[in-house]
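Quick caveat, the model's predicted, so the values are computed rather than measured.
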Amino acid sequence: MAHEPFMQAALEEARRGLAAGEVPIGAVLVVDGRIVARAFNQPIGAVDPTAHAEIRVLREAARAAGNYRLIEATVYVTVEPCLMCVGALVHARVREVVYGAAEPKTGALVSTVRGLELPGLNHRFAVTSGVLEEQSRTLIQEFFREKRASGR
């Protein structure tokens, strides 16, 4: 299955987050080649530190499926997930996570912590990185560059 169309959809979500004043990270959850959930980071607007894009798509998809286990799911996210999100993805039993850009400060698949190598996990998922990496990286870098320049 070609990953690019689904990552484009995740990038669209990230742009929606940017327009809402959030850190521009987007995610979509796909089952059987169909997007069943979409989200962008929303901790500011939702006043919820757990409202990361990955958590939000898991919640939406689980409600739609009537089951917290999403064993057929692939999650596409523009930036490498943090440790909280890796934990949630493990608990949801997703099949695969596909991400765009590595996150050198908080990424928990390969960058700072190799979350799937931690002992005691009852599930591990496949990981594909670097899909539309340049677009994903550029979007988040420009956001933080503008934020620093404006002093916000």
Asker: For H52 and I25, what are the C-alpha separation, side-chain angles and deciding distance, and is it a side chain to side chain contact (heavy atoms under 4.5 Å, CB included)?
Answerer: CA-CA 8 Å; H52 289 194; I25 298 174; over 6 Å; no
Asker: Is any side-chain heavy atom of E4 closer than 4.5 Å to a side-chain heavy atom of M7?
Answerer: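 Counting from C-beta outward, E4 and M7 never come under 4.5 Å.
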Asker: For H91, which residues count as a side-chain contact (heavy atoms from CB on, under 4.5 Å) partner, sequence neighbours excluded?
Answerer: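 With sequence neighbours excluded, H91 shows a side-chain contact (heavy atoms from CB on, under 4.5 Å) to no residue whatsoever.
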Asker: If you measure from CZ on R93 to NE2 on H123, what distance do you get to the nearest 0.5 Å?
Answerer: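 The distance works out to 7.5 Å.
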Asker: Show which side-chain atoms of residues 12-19 pair as donor or acceptor with protein atoms under 3.5 Å away, not counting sequence neighbours.
Answerer:
{"from": "E13", "atom 1": "OE1", "to": "R16", "atom 2": "NH1", "distance (Å)": "2.8"}
{"from": "E13", "atom 1": "OE2", "to": "R16", "atom 2": "NH1", "distance (Å)": "3.1"}

Asker: Considering residues at least two apart in sequence or located in another chain, which fulfil the side-chain contact (heavy atoms from CB on, under 4.5 Å) criterion with D48?
Answerer: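 side-chain contact (heavy atoms from CB on, under 4.5 Å) check on D48 returns A46, T50, A51, R59.
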Asker: Should E96 and H3 count as side-chain neighbours, where that means a heavy-atom distance under 4.5 Å?
Answerer: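 Counting from C-beta outward, E96 and H3 do come under 4.5 Å.
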Asker: So, using salt bridge (Lys or Arg N to Asp or Glu O under 4.0 Å) as the criterion, who are the partners of E133 when residues are at least two apart?
Answerer: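 Expected list: R137.
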Asker: What's the separation between atom OG in S136 and atom CD in Q141, rounded to the nearest 0.5 Å?
Answerer: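 Going from OG on S136 over to CD on Q141, the span is 11.0 Å.
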Asker: Are V131 and Y99 side-chain neighbours, meaning at least one heavy-atom pair lies under 4.5 Å?
Answerer: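 V131 does not reach Y99 side chain to side chain.
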Asker: Do the non-hydrogen side-chain atoms of V75 and V98 ever get within less than 4.5 Å of each other?
Answerer: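 A side-chain contact under 4.5 Å is absent here.
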Asker: For Q135, is there any backbone N or O sitting under 3.5 Å from a side-chain donor or acceptor partner on T138?
Answerer: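 Judged by distance alone, no pair lies under 3.5 Å.
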Asker: Under 3.5 Å, which donor-acceptor pairs do the side chains of residues 106-122 form with other protein atoms, sequence neighbours left out?
Answerer:
{"from": "S111", "atom 1": "OG", "to": "E80", "atom 2": "OE1", "distance (Å)": "2.5"}
{"from": "S111", "atom 1": "OG", "to": "E103", "atom 2": "O", "distance (Å)": "3.4"}
{"from": "T112", "atom 1": "OG1", "to": "G107", "atom 2": "O", "distance (Å)": "2.6"}

Asker: Look at the side chain of E22 and the backbone N and O of G45, then say whether any donor-acceptor pair between them is shorter than 3.5 Å.
Answerer: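 Yes, E22 side chain to G45 backbone: donor-acceptor pair under 3.5 Å.
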Asker: Hey, what do you get for OH (Y76) to CG (L132), rounding to the nearest 0.5 Å?
Answerer: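 So the OH of Y76 and the CG of L132 are separated by 10.5 Å.
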Asker: Please tabulate, for side-chain N and O atoms in residues 33-41, each donor-acceptor pair with protein atoms closer than 3.5 Å (sequence neighbours left out).
Answerer:
{"from": "N41", "atom 1": "OD1", "to": "A53", "atom 2": "N", "distance (Å)": "2.8"}

Asker: Tell me which one of V127, I55, L70, V97 satisfies side-chain contact (heavy atoms from CB on, under 4.5 Å) with L89.
Answerer: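 Only one option passes, and that is V97.
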